Trainee: 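Mind having a look at this structure? Questions to follow.
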Amino acid sequence: MDAAIQPALESIVIRLNKMGHNLTLDRERAPGEISYRDVSGSDGENSCKLRVAVDTVISTGYADLLAPELIDD
């Protein structure tokens, strides 16, 4: 999933940086999490001007685990 999302997000970050932002990778990445922050300013972490992030969540479920009134026939 990251292989599909990362290039698109990097393209967005490059474009925003050309518009005057200073987005850099926020922290070490975990699978499914990508985060960039613009913390340019004198307050560092306390002056986040912009955050661009993707948090991927994949969920599954089975109909028999739902309450009967929630299941469409």
Side-chain angles (χ1 to χ4, degrees):
M1 186 80 73
D2 284 357
I5 295 170
Q6 182 71 32
L9 189 58
E10 284 178 0
S11 176
I12 293 167
V13 167
I14 288 168
R15 188 170 181 184
L16 288 169
N17 282 346
K18 286 182 180 177
M19 296 170 71
H21 291 284
N22 186 25
L23 290 159
T24 57
L25 214 57
D26 183 28
R27 57 190 159 98
E28 275 191 40
R29 292 182 44 215
E33 296 178 2
I34 308 168
S35 179
Y36 291 85
R37 285 182 187 257
D38 179 346
V39 290
S40 57
S42 59
D43 293 342
E45 288 292 325
N46 296 327
S47 67
C48 180
K49 296 180 179 182
L50 178 65
R51 179 172 184 252
V52 178
V54 173
D55 297 315
T56 306
V57 176
I58 299 172
S59 301
T60 62
Y62 294 95
D64 62 335
L65 298 177
L66 295 175
E69 62 273 8
L70 298 177
I71 299 173
D72 292 333
D73 290 327

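All values reported here derive from a predicted model rather than from experimental measurement. What you see below is based on every heavy atom in this structure, not just the backbone, and it leaves out hydrogens, waters and symmetry mates.
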Trainee: Within the distance-only criterion (no hydrogens, no angle test), does the side chain of Asp55 pair as donor or acceptor with the backbone N or O of Glu33 below 3.5 angstrom?
Mentor: no
Trainee: Mind checking the CD1-OG1 spacing from Ile5 to Thr56? Nearest 0.5 Å is all I need.
Mentor: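 Ile5 CD1 to Thr56 OG1: 4.0 Å, rounded to 0.5 Å.
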Trainee: Which residues pass the side chain to side chain donor-acceptor pair (under 3.5 Å) test with Ser35, not counting sequence neighbours?
Mentor: Asp26, Arg51
Trainee: Would you compute the distance between atom CG of Leu25 and atom CD of Glu10 and round it to the nearest 0.5 angstrom?
Mentor: 8.5 Å
Trainee: Flag yes if Leu16 and Ile14 sit in one hydrophobic cluster, no otherwise; membership is Ile, Leu, Val, Met, Phe, Trp, Tyr, and two members link when side-chain heavy atoms are under 4.5 Å apart.
Mentor: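 No, because Leu16 and Ile14 fall into different hydrophobic clusters, even though each may have its own neighbours under 4.5 Å.
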Trainee: Testing the basics here: between Asp38 and Asn22, what is the closest heavy-atom pair and its distance to 0.1 Å?
Mentor: OD2-N, 3.0 Å
